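Here the structure comes first, spelled out in structure tokens, and everything after it is commentary.
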Number of protein chains: 2
Amino acid sequence: MPVPDVALDRSSPVPLYYQVATRLEQLIDEGELPAGSRLENEIELADRLGVSRPTMRRAIQYLVERGLLVRKRGVGTQVVHPKVRRPVELTSLYDDLAKSGQDPRTEVRSLVSEPLSDHVAGLMGLAPGTPATRIERLRYAAGEPLALMTNIVPADVLELSVEALTDHGLYDLLRAAGRVPRMARQVVGARAATPAEARLLGEPAGTAVLTMTRTAWDAGGQAVEYGSHIYRASRYSFELTLTSA
Amino acid sequence: MPVPDVALDRSSPVPLYYQVATRLEQLIDEGELPAGSRLENEIELADRLGVSRPTMRRAIQYLVERGLLVRKRGVGTQVVHPKVRRPVELTSLYDDLAKSGQDPRTEVRSLVSEPLSDHVAGLMGLAPGTPATRIERLRYAAGEPLALMTNIVPADVLELSVEALTDHGLYDLLRAAGRVPRMARQVVGARAATPAEARLLGEPAGTAVLTMTRTAWDAGGQAVEYGSHIYRASRYSFELTLTSA
DNA sequence: CCGGGTACTTTGTTAGGACAAAGTGTTGAC
DNA sequence: GTCAACACTTTGTCCTAACAAAGTACCCGG
């Protein structure tokens with residue numbers, strides 16, 4: 001399959017390889033390059049687009065990593081069937097809801113300063129007793145309670161306030177403070193809700209709820225957040241896309 | 001922090017950049033390059049190890065993607081705190097259990113040939129009515145029931161037998177058939193177990209169970225498996241490590 | 001003492017070239 | 001006719017080289 005010509009802007013601050021990759025992705029999404037079709041070889045492609053082979057390879061590599069293309073030595077580069085292809089991302093519930101038009105709302109139920117417990121300190125890799133803020137929030141989507149969230153943030157990471165948390169997700173605030181979570185370890189499980197939890201979530205006592213605990217670190221490997229959340233299983237589930245090798 | 005000299009084998013079929021990356025990872029794991037320490041700049045490093053800068057960059061890039069290093073333009077390359085750094089992987093329950101010495105055992109409860117339902121066909125991107133095999137298995141770990149698993153595999157992907165499934169995980173069989181799952185979409189939720197499910201899992205009726213449905217594709221984008229599993233929440237949870245950007 | 005601009009350091013991007021390794025297909029010997 | 005060796009295609013690895021962009025630190029003028 002011949003790849004249509006691509007207009008590149010060499011004066012743009014956007015890297016060339018990224019311009020090429022984006023354009024290719026667009027062509028695949030639009031069906032211009034149908035699933036299973038083979039691209040021309042790298043050299044021809046690079047030639048025709050007017051970039052060097054390393055740049056062309058980098059663009060292709062980017063799409064291979066994202067699962068849109070498959071390469072085989074001696075064979076060529078093929079378009080993969082256009083299934084879901086976004087890898088798991090580290091996003092916040094608030095962002096997810098806002099993006100899908102669920103009109104998220106947050107009720108901050110409590111916000112207290114307290115030192116880290118041994119358990120949480122261990123998970124975060126910090127010293128027990130480190131000053132921190134503990135918040136408990138109830139998240140609504142489309143007017144319905146969706147999740148009960150307890151989070152703990154070390155005091156030196158971020159100064160939290162009820163007002164800020166009402167209008168923004170915790171991850172927004174962390175981003176604004178320059179402490180972007182870059183790695184997180186999550187454990188997802190299930191259990192029966194306690195009577196108090198069931199009441200807050202508007203579910204009958206003993207309902208099955210989805211639980212998630214998470215520890216998140218920033219780029220420097222510093223723990224920035226610990227969270228223990230429970231979700232209404234009737235209204236929420238985790239969706240993830242995994243890739244191997 | 002000076003990186004100790006690294007012995008490279010230029011006659012080895014193992015790529016140079018990979019030799020360098022592996023050695024660096026080892027140094028980090030051993031604490032030779034402590035968390036937070038800064039590496040020399042790329043040029044010096046490349047010089048001293050006797051490789052070109054692109055090769056050096058590629059080795060570093062590899063470790064950056066795996067979360068061991070962080071780079072900042074104008075600043076340098078730093079070792080990240082050695083938290084968990086394995087990204088989410090596409091593994092099978094059987095492998096996971098076997099690796100952690102849980103002595104997995106599988107009871108194949110049924111194995112029937114039946115055409116794909118509209119629902120499953122839609123998820124797998126195949127035509128409704130495509131011949132397939134539907135299996136229901138009960139997975140034990142350490143002598144206790146752990147999961148009830150229903151899987152559907154298209155007939156042209158793999159010929160299944162009760163014997164093979166008793167001794168191996170489904171993913172083992174797929175691998176052996178050259179249909180390695182490379183991408184999967186999972187949805188994890190929770191609900192109350194039905195009486196029949198509760199009985200099989202050895203839990204009281206109405207217990208909260210963890211549910212997982214998954215569709216997996218091979219490198220060519222062909223759907224190879226659909227699964228609908230329920231897990232005893234008291235004995236199992238999903239653990240995942242996420243990275244962003 | 002403070003602020004801004006400048007020099008320097010370090011990673012990011014791009015180019016062009018060379019050879020190696022893996023698949024595929026074809027041809028030739030038996 | 002069959003199978004092995006060879007040629008060809010295509011991606012994989014590696015090198016040298018140059019300039020751009022971002023961040024830091026220093027210095028100098030006010």
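Residue numbering restarts at 1 for every chain, and letters A, B, ... go by the order of the sequence lines. Keep in mind that what you see is a predicted model, and the values were worked out from it rather than measured.
- Among the nucleotides dT16(D), dG12(C), dG23(C), the one closest to any side-chain atom of Ser52(B) is dT16(D).
- Proximity of Leu69(B) to Ile28(B): side-chain heavy atoms (C-beta onward) are separated by under 4.5 Å at one or more points.
- Closest to the side chain of Pro15(A), from the set dT14(C), dT11(C), dG12(D), is dT14(C).
- Atom CD of Glu42(A) is separated from atom P of dG16(C) by 15 Å (rounded to the nearest Å).
- Where Thr55(A) and Arg73(A) meet DNA chain C, the nucleotide closest to each residue was compared, and Thr55(A) sits on the side nearer the 5' end.
- Mapping Pro13(B) and Gly50(A) onto DNA chain C by nearest heavy atom places Gly50(A) at the nucleotide closer to the 5' end.
- Taking side-chain N and O atoms only, Tyr17(A) has no distance below 4.0 Å to OP1 or OP2 of dT14(C).
- Side-chain contact between Leu170(A) and Leu160(A) is present, with at least one heavy-atom pair separated by less than 4.5 Å.
- The phosphate of dT13(C) (OP1 or OP2) has a side-chain N or O of Arg58(A) nearer than 4.0 angstrom.
- No hydrogens or angles considered: nothing links the side chains of Gln61(A) and Arg58(A) as a donor-acceptor pair under 3.5 Å.
- When distances run from any side-chain atom of Val75(B) to the nucleotides dT24(C), dG23(D), dT11(C), the shortest one goes to dG23(D).
- Counting only heavy atoms from C-beta outward, the side chains of Met124(B) and Pro154(B) approach each other to under 4.5 Å.
- Rounded to whole Å, atom P of dT14(C) lies 13 Å from atom CG of Leu49(A).
- With dA15(C), dT11(D), dT13(C) as the choices, the nucleotide that has an atom nearest any side-chain atom of Val51(A) turns out to be dA15(C).
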